[in-house]
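Letters A, B, ... mirror the listed sequences (proteins, then strands); counts begin at 1. When reading the values below, keep in mind they use all heavy atoms of this one structure, side chains included, and skip hydrogens, waters and symmetry mates.
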There are 2 protein chains.
Amino acid sequence: MTIRAASVKDVAARAGVSLGTVSNVLNRPDRVSVQTKARVEAAMAELGFVRNESARQLRAGRSSALAYVMLDGSNPFFADVAHGIEQAAEAQDLSLFTCNSNNRAERETVYLNRLEEQRVQGILITPVNPDAEALDELPRRGTPVVIVDRTRGGNTHCSVAVDDVLGGELAARHLIELGHRHIAYIGGPDPLGQVRDRRRGAHKALADAGLGPEHLVDIGTEALTVDEGRKAGERLVGRPASSRPTAAFCANDLLALGLLQQCVALRMSIPDDLAIVGYDDIDFAAAAAVPLTSVRQPRRELGRRAAELLLAEATDPQHEHEQVVFTPELVVRGSTR
Amino acid sequence: MTIRAASVKDVAARAGVSLGTVSNVLNRPDRVSVQTKARVEAAMAELGFVRNESARQLRAGRSSALAYVMLDGSNPFFADVAHGIEQAAEAQDLSLFTCNSNNRAERETVYLNRLEEQRVQGILITPVNPDAEALDELPRRGTPVVIVDRTRGGNTHCSVAVDDVLGGELAARHLIELGHRHIAYIGGPDPLGQVRDRRRGAHKALADAGLGPEHLVDIGTEALTVDEGRKAGERLVGRPASSRPTAAFCANDLLALGLLQQCVALRMSIPDDLAIVGYDDIDFAAAAAVPLTSVRQPRRELGRRAAELLLAEATDPQHEHEQVVFTPELVVRGSTR
DNA sequence: GGACCTAGATGAAAGGTTTCATCCAGTCGA
DNA sequence: TCGACTGGATGAAACCTTTCATCTAGGTCC
């Protein structure tokens with residue numbers, strides 16, 4: 001183990017050239033004669049030279065990394081979004097740092113601060129609270145921020161999201177077309193814009209079919225988790241058969257999977273006793289014992305596009321903020337047919 | 001937007017103090033009088049001062065971050081390991097960078113190089129190939145490396161893993177005790193040490209019960225994925241009923257979930273027609289329609305312990321490499337009873 | 001009143017890389 | 001033979017923070 005890592009200076013000494021030449025070998029190899037280059041490279045190999053990225057960054061003023069602050073590391077949806085971001089970053093030879101706020105505003109703040117201190121090129125974030133002030137300050141101080149899978153009032157940021165109202169509409173329309181007239185909407189907590197938008201879409205589908213809002217019964221949950229899905233299932237099945245919905249639309253797939261499990265455990269048959277539609281179309285939705293009908297969001301594409309917007313903003317100073325909205329798609333599977 | 005971020009020098013000028021004093025406010029606030037401190041802090045706020053982490057690192061020689069290079073971002077098992085690492089890192093006020101090699105050696109190499117250039121405190125990795133040379137070079141050059149969820153010959157690294165032979169034994173013994181005498185082992189590709197170890201454990205359980213190895217039939221897969229699990233299910237059910245196993249032990253939960261789905265689709269009853277045991281006990285195993293019996297690995301704990309070993313190695317120069325092996329635990333659920 | 005302390009403030013130096021203006025030694029043309 | 005040019009090589013300066021030896025002013029004690 002070397003006591004101190006070799007620096008360009010050491011390499012220069014070993015190769016018998018100036019340190020500027022070593023730097024040229026690294027950054028503009030064409031300006032260096034082949035012999036010199038060979039000598040320098042040999043010296044690097046002998047000394048096990050490794051570039052010091054901190055020093056590069058200090059000099060350059062910015063790092064060559066992006067960051068994604070994801071909302072919930074245990075939801076595969078976000079892992080897929082991250083993967084899309086990574087692909088875009090890779091294409092530009094940038095690194096991606098992934099942080100996980102785990103739905104806690106306090107962790108999110110810590111990460112945002114650190115990332116700003118790192119001088120990352122920019123930050124992609126699915127925020128705990130899209131209206132948090134910190135999201136304004138960062139761009140004001142020079143670190144671009146793109147909001148992923150959320151929207152935000154005003155035209156202060158670029159954002160990439162999916163049309164949740166339309167998604168809700170697709171899901172509900174599908175159930176209505178299958179003849180269901182008593183549909184449960186399972187989701188919460190309500191302050192989440194997505195939970196509300198998807199419900200709005202469902203109401204729209206009802207209205208379009210000439211049905212009143214009473215055909216959709218709300219079953220609130222405290223979070224969008226498998227466990228909450230199970231609990232919702234219990235409550236649902238607890239209802240007297242006459243007033244029990246024949247179909248359920250869940251605000252995400254985790255809820256739907258929990259619901260599905262609870263229903264199977266309680267000996268209900270899916271989709272005969274209860275048709276289920278989820279949201280997100282995570283891989284585990286297709287992998288469920290009764291494959292889940294779900295509203296697919298273009299997860300990778302979401303990440304990819306967000307990264308592109310970020311890079312555009314990072315390179316072009318007078319850039320116009322853009323709100324990209326993707327279109328969701330219904331994927332019909334066994335849980336509704 | 002400021003043309004250039006404010007530096008300590010700017011803050012010092014604004015507050016009418018020397019730059020050393022600003023640094024003291026940041027790093028040793030007790031050595032600064034309250035009035036001065038207040039003045040400096042006001043100046044910082046006015047200028048929107050943000051520490052430059054590159055410069056700190058350059059000065060310090062090392063960054064204050066760990067990194068985890070995970071093998072497969074789409075397997076929730078690794079997300080949980082990462083979460084454990086994060087907890088340990090958080091406790092020490094370190095950042096964690098998570099990278100995802102996605103099972104590709106070439107991505108892994110890229111990330112390792114970058115992380116070394118970043119001078120991270122150390123690297124945790126679940127390697128594509130535990131015997132890769134690069135894993136030796138990093139520690140030789142001063143960046144400690146801890147191997148997670150894999151083991152490696154020799155005593156060259158710290159590593160944290162779970163006793164896979166024992167896990168296989170637990171799974172198979174459980175099935176044997178339930179009366180199964182014709183058990184499928186589903187897993188592959190074979191070069192994976194874990195796939196082999198878990199099979200070895202299963203054979204051991206058979207032997208202990210006085211049963212020959214012919215009671216375990218091998219069904220190879222090309223990867224440990226849901227899709228491969230489905231395919232294995234097709235092959236399994238395709239067998240004539242007389243020679244069809246009555247139970248299956250899968251090398252991980254993704255395979256088991258795919259198998260479960262295929263069986264349900266083909267109208268087999270779980271566990272009556274086929275009992276299934278998975279491995280890893282990811283959350284989705286418990287959430288399956290027929291909750292999956294699985295061998296639980298202490299995922300968070302795995303990550304946490306690995307991070308601790310890494311920090312120990314990073315701080316203590318003459319540190320002894322340690323191979324931690326955790327004990328797995330069988331979690332019995334509906335898929336076997 | 002002088003010696004001694006102490007809390008607080010100072011600023012130069014170091015850390016590794018990149019850039020850029022400068023320099024050097026050949027080569028070519030006239 | 002001289003001047004102009006060129007491909008290469010050079011090294012000082014800048015990037016920003018932290019540390020540490022040094023300095024100052026005010027207070028305490030005899």
Can you tell me if [X] touches the phosphate of [N], counting only side-chain N or O atoms and a distance under 4.0 Å to OP1 or OP2?
{"X": "Arg51(A)", "N": "dT18(C)", "answer": "yes"}
{"X": "Ser18(A)", "N": "dA9(D)", "answer": "no"}
{"X": "Asn52(B)", "N": "dT17(D)", "answer": "no"}
{"X": "Arg59(B)", "N": "dA14(C)", "answer": "no"}
{"X": "Arg28(A)", "N": "dT18(C)", "answer": "no"}

Spacing of [X] atom [atom1] relative to [N] atom [atom2], expressed in whole Å:
{"X": "Lys37(B)", "N": "dA7(C)", "atom1": "NZ", "atom2": "C1'", "result": "16 Å"}
{"X": "Glu117(B)", "N": "dG15(C)", "atom1": "CD", "atom2": "P", "result": "21 Å"}
{"X": "Arg119(A)", "N": "dC15(D)", "atom1": "CZ", "atom2": "C1'", "result": "11 Å"}
{"X": "Asp30(A)", "N": "dG7(D)", "atom1": "CG", "atom2": "P", "result": "12 Å"}
{"X": "Leu26(A)", "N": "dT17(C)", "atom1": "CG", "atom2": "C1'", "result": "9 Å"}
{"X": "Arg39(A)", "N": "dG8(D)", "atom1": "CZ", "atom2": "P", "result": "14 Å"}
{"X": "Lys9(A)", "N": "dT10(D)", "atom1": "NZ", "atom2": "P", "result": "15 Å"}
{"X": "Gln57(A)", "N": "dT18(C)", "atom1": "CD", "atom2": "P", "result": "12 Å"}

Describe the nucleic acid contact of [X] in one word from base, sugar-phosphate, nothing, applying a heavy-atom distance below 4.0 Å.
{"X": "Ser33(A)", "value": "sugar-phosphate"}
{"X": "Val22(A)", "value": "nothing"}
{"X": "Ser54(A)", "value": "nothing"}
{"X": "Val17(A)", "value": "sugar-phosphate"}
{"X": "Ser23(B)", "value": "base"}
{"X": "Thr21(B)", "value": "base"}

Assess whether a salt bridge exists between Asp136(B) and Arg152(B), defined as any Lys/Arg side-chain N lying under 4.0 Å from an Asp/Glu carboxylate O.
yes
### Query
Any salt bridge between Arg114(B) and Glu117(B), counting N to O under 4.0 Å?
no
- Starting at the 5' end of DNA chain D and moving along, which residue's nearest nucleotide shows up first, Arg31(A) or Gly20(A)?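 Upstream on the strand: Arg31(A).
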Q. With a distance cut-off below 6.0 Å to the six-membered ring centre and an angular limit of 45° from the axis, does Arg51(A) pair with Phe49(A) as a cation-pi contact?
A. no
Are Met70(A) and Leu124(A) side-chain neighbours, meaning at least one heavy-atom pair lies under 4.5 Å?
-> no
Less than 3.5 Å apart, any donor N or O on the side chain of Ser101(B) or Arg107(B) sitting next to an acceptor on the other?
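Distance-only check fails for Ser101(B) and Arg107(B).
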Worksheet item: For atom CD of Glu106(B), is the number of surrounding heavy atoms from other residues, nucleotides or ligands below 6.0 Å larger than 12?
Response: yes
- Item | Toward the 5' end of DNA chain C, by each residue's nearest nucleotide, Ala55(B) or Val34(B) |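 Mapping each residue to its closest nucleotide by heavy atoms, the 5'-most match is Val34(B).
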